[in-house]
Amino acid sequence: MKFDVLTLFPELFNIVMRESIIGRAQENGIIKVNAINIRDYSKDKHKKVDDYPFGGGTGMVMTCQPVIDAYNDITKDMTVKPKVIYMSPQGRVLNQKIAKELSTEEHLILLCGHYEGIDERIIEEIVDEEISIGDYVLTGGELPAMVLIDCVSRLVQGVLASENSYSEESHFNGLLEYPQYTRPADYNGKKVPDILLSGHHANIEKWRTQQSIERTKQKRPDMYEVYERTHKKNL
Ligand SMILES: NC(=O)c1ccc(N[C@@H]2CC[C@@H](O)C2)nc1
């Protein structure tokens, strides 16, 4: 899966996206993150990429030309144009279901804005979808783009050690994850639940599901309500 990221800060991606699981997935050729510097496409003699907003107002707006030219350049040889996602507080809020949907795409282009935003005509011209990572405003779309790349990439075949490592985790099965423990079995007098040391996998499975249901009910009643509706016969 390939991500082309249109940004004013490509270095951010080159540093963060070469670490840990995403970094290894890039080395293995499963994921490719290619950051493109919008400023390289500015035709302004001072390489400006923003200007004052028409109608007044504080802050600056990113201009059309560098962004549209960057998009046209990276897609010029593509027969199928990849989906363009603009990271914006106005987008639909990213969740595990959307991440799963996006993980089936071969190629995504992510557009990261800065300052007060981007000229609306960029959205009209090249953006297919706006996605938000939550209801708060950031100084740029770069962190949201990295969040999206992380949560989508880990669902791509071969990125995580094993398939089932995400199929049971939080939000994937509609529940929050059960508590996790590792050695030592007794840490400062705090013991691991005996069931987990029993080796009885069926009982462990049951205990874990019960824990997930209980903590979802307690921490995320909204999620629990959906789960209860769809699983009422088993509760
Ligand atoms: N919640 C989010 O996902 C989010 C995304 C982008 C953002 N800020 C950028 C800067 C200017 C404009 O492009 C939008 N803030 C919050």
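Every value quoted in this text rests on a predicted model; they were computed, and no experiment measured them. Atoms within a ligand are numbered from 1 in the order they appear, just like the ligands themselves. Just the heavy atoms: all of them, side chains too, but no hydrogens, waters or symmetry mates, feed the values below.
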J.: Only one of Lys81, Lys2, Lys32 clears side chain to side chain contact (heavy atoms under 4.5 Å, CB included) with His107; which?
T.: Lys2

J.: Does a salt bridge link Asp44 with Lys47, judged by any charged N lying under 4.0 Å from a carboxylate O?
T.: no

J.: Listing by chain and number, which residues have a heavy atom under 4.0 Å from ligand 1?
T.: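 Heavy-atom contacts below 4.0 Å: Tyr86, Met87, Ser88, Pro89, Gly113, His114, Tyr115, Gly117, Ser132, Ile133, Gly134, Tyr136, Val137, Leu138, Thr139, Gly140, Gly141, Pro144.
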
J.: Less than 4.0 angstrom from a charged side-chain N to a carboxylate O is my criterion; do Arg92 and Glu130 meet it?
T.: no

J.: Taking NZ, NE, NH1 and NH2 as the nitrogens, is one of them in Glu27 or Arg18 under 4.0 Å from a carboxylate oxygen of the other?
T.: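 Salt bridge absent between Glu27 and Arg18.
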
J.: What pairs with Asp69 under side chain to side chain donor-acceptor pair (under 3.5 Å), at least two apart in sequence or on another chain?
T.: Lys43, Gln65

J.: Are Phe9 and His114 an aromatic pair, judged by ring center distance below 6.0 Å?
T.: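 Under 6.0 Å, so yes.
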
